[in-house]
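Structure, as structure tokens:
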Amino acid sequence: MQKTYSMIKPEIVAAGEQKIGEILAIINRAGFRITGMELRQLDRALIEDFYGEHRERPFYGELCDYINSGPVVALRLERENAVAALRELIGATNPADAAIGTIRDLYGASLQNNAIHASANADDAARELGLIFGQ
Ligand code: CMP
């Protein structure tokens with residue numbers, strides 16, 4: 001069983017429990033077990049570290065402000081082939097390019113406010129789970 005990290009982003013959490021519940025139901029229906037879940041305001045320093053690979057990108061500062069703007073739902077998910085399966089379930093980074101029915105198609109508002117994060121590969125999943133859940 002593979003583990004991956006996911007994170008429901010602040011604009012969805014700010015919109016209320018209904019959207020959080022709908023997204024968790026989609027994830028659960030796709031066969032993931034939720035083995036860690038926390039509603040949490042992430043420290044700015046942790047966010048900077050988490051998104052460190054984007055440090056040189058022009059959107060980095062705004063991205064860190066945005067993730068810092070309110071609590072997120074941090075998730076540790078388990079399934080066979082979890083990393084790739086979750087990437088497919090959430091859709092392309094830009095909701096405008098996301099396949100119909102994916103989470104970003106249904107809930108994403110913009111390239112930045114794209115509703116949910118999922119680890120890009122198994123190494124990132126281990127790094128991100130370590131940063132957020134300490135394991
Ligand atoms: P995420 O999958 O969490 O990874 C990096 C985040 O940066 C991305 O989702 C978006 O929220 C945000 N972002 C903003 N602008 C861009 C961009 N031009 N390319 C990629 N990601 C971007």
Side-chain angles (χ1 to χ4, degrees):
M1 214 54 78
Q2 191 180 42
K3 292 188 181 101
T4 192
Y5 176 70
S6 188
M7 177 165 77
I8 300 176
K9 294 185 174 181
E11 81 279 15
I12 299 295
V13 175
E17 290 84 356
Q18 185 173 336
K19 283 189 181 178
I20 297 173
E22 289 171 8
I23 291 173
L24 292 176
I26 292 170
I27 291 170
N28 189 242
R29 271 202 302 274
F32 290 89
R33 286 194 57 227
I34 299 171
T35 58
M37 176 162 63
E38 198 177 352
L39 179 66
R40 181 160 150 202
Q41 173 69 52
L42 301 179
D43 293 343
R44 173 90 194 192
L46 176 57
I47 294 166
E48 288 175 4
D49 199 4
F50 183 90
Y51 278 119
E53 68 168 291
H54 297 301
R55 208 173 291 274
E56 305 306 324
R57 310 281 293 275
F59 60 83
Y60 177 68
E62 261 185 57
L63 169 61
C64 293
D65 290 343
Y66 154 56
I67 300 296
N68 194 226
S69 68
V72 300
V73 178
L75 296 165
R76 184 175 57 235
L77 301 175
E78 290 189 30
R79 209 199 89 154
E80 238 170 75
N81 197 28
V83 171
L86 189 67
R87 297 283 288 184
E88 192 176 333
L89 189 68
I90 74 171
T93 303
N94 189 342
D97 301 329
I100 303 290
T102 58
I103 294 174
R104 283 170 170 162
D105 168 54
L106 295 170
Y107 297 96
S110 67
L111 176 55
Q112 178 181 268
N113 292 22
N114 61 359
I116 189 164
H117 168 85
S119 305
N121 54 59
D123 286 349
D124 276 357
R127 187 184 73 85
E128 293 173 1
L129 286 168
L131 276 174
I132 303 295
F133 288 105
Q135 56 185 285

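Start at 1 and go down the list; that is how both ligands and their atoms are numbered. Values reported hereafter were calculated over all heavy atoms of this structure, with side chains retained and with hydrogens, waters and symmetry mates removed. Keep in mind that this is a model prediction, so the values were computed, not measured.
Contact annotation: the side chain of Thr4 never approaches that of Asp124 to less than 4.5 Å [non-hydrogen atoms, C-beta and beyond]. At least one side-chain heavy atom of Thr93 sits under 4.5 Å from a side-chain heavy atom of Leu111.
In summary, the aromatic rings of Tyr51 and Phe59 are positioned with their centroids too far apart to meet the 6.0 Å limit.
Counting only heavy atoms of the protein, atom 11 (O) of ligand 1 lies nearest to Gln112 O, 2.8 Å. The protein heavy-atom contact nearest to atom 12 (C) of ligand 1 is Leu63 CD1, 3.7 Å. Protein heavy atom closest to atom 18 (N) of ligand 1, with residue, atom name and distance, is Leu111 CD2, 3.3 Å. For atom 19 (N) of ligand 1, the closest non-hydrogen atom of the protein is Phe59 CE2, 3.6 Å.
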Q: With side chain to side chain contact (heavy atoms under 4.5 Å, CB included) as the test, would you mind laying out the steps for Val72 and Leu39 before giving the verdict?
A: CA-CA 6 Å; Val72 300; Leu39 179 66; over 6 Å; no
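Which parts of ligand 1 touch Lys9 is read off a 4.0 Å heavy-atom cut-off, strictly below it: atoms 1 (P), 3 (O), 8 (C), 9 (O), 10 (C), 11 (O). For ligand 1, the atoms sitting less than 4.0 Å from at least one non-hydrogen atom of His54 are 5 (C), numbered in the order shown with element in parentheses. Under a 4.0 Å criterion applied to the non-hydrogen atoms of Asn114, ligand 1 contributes the atoms 8 (C), 9 (O), 10 (C), 11 (O). Near Arg104, meaning under 4.0 Å from one of its heavy atoms, ligand 1 places the atoms 1 (P), 2 (O), 9 (O). Remark: ligand 1 atoms within the under-4.0 Å shell around heavy atoms of Tyr51 are 1 (P), 3 (O), 4 (O), 5 (C).
For Gln41, the CD atom sits in a packed shell: over 12 heavy atoms of surrounding residues, nucleotides or ligands are nearer than 6.0 Å. No more than 12 heavy atoms of other residues, nucleotides or ligands shown are found within 6.0 angstrom of CZ on Arg33.
The distance criterion of under 3.5 Å between nitrogen or oxygen atoms is met by His117 with respect to ligand 1.
Note on Lys9 versus Glu11: no salt bridge recorded, every NZ/NE/NH1/NH2 to OD/OE distance being 4.0 Å or above.
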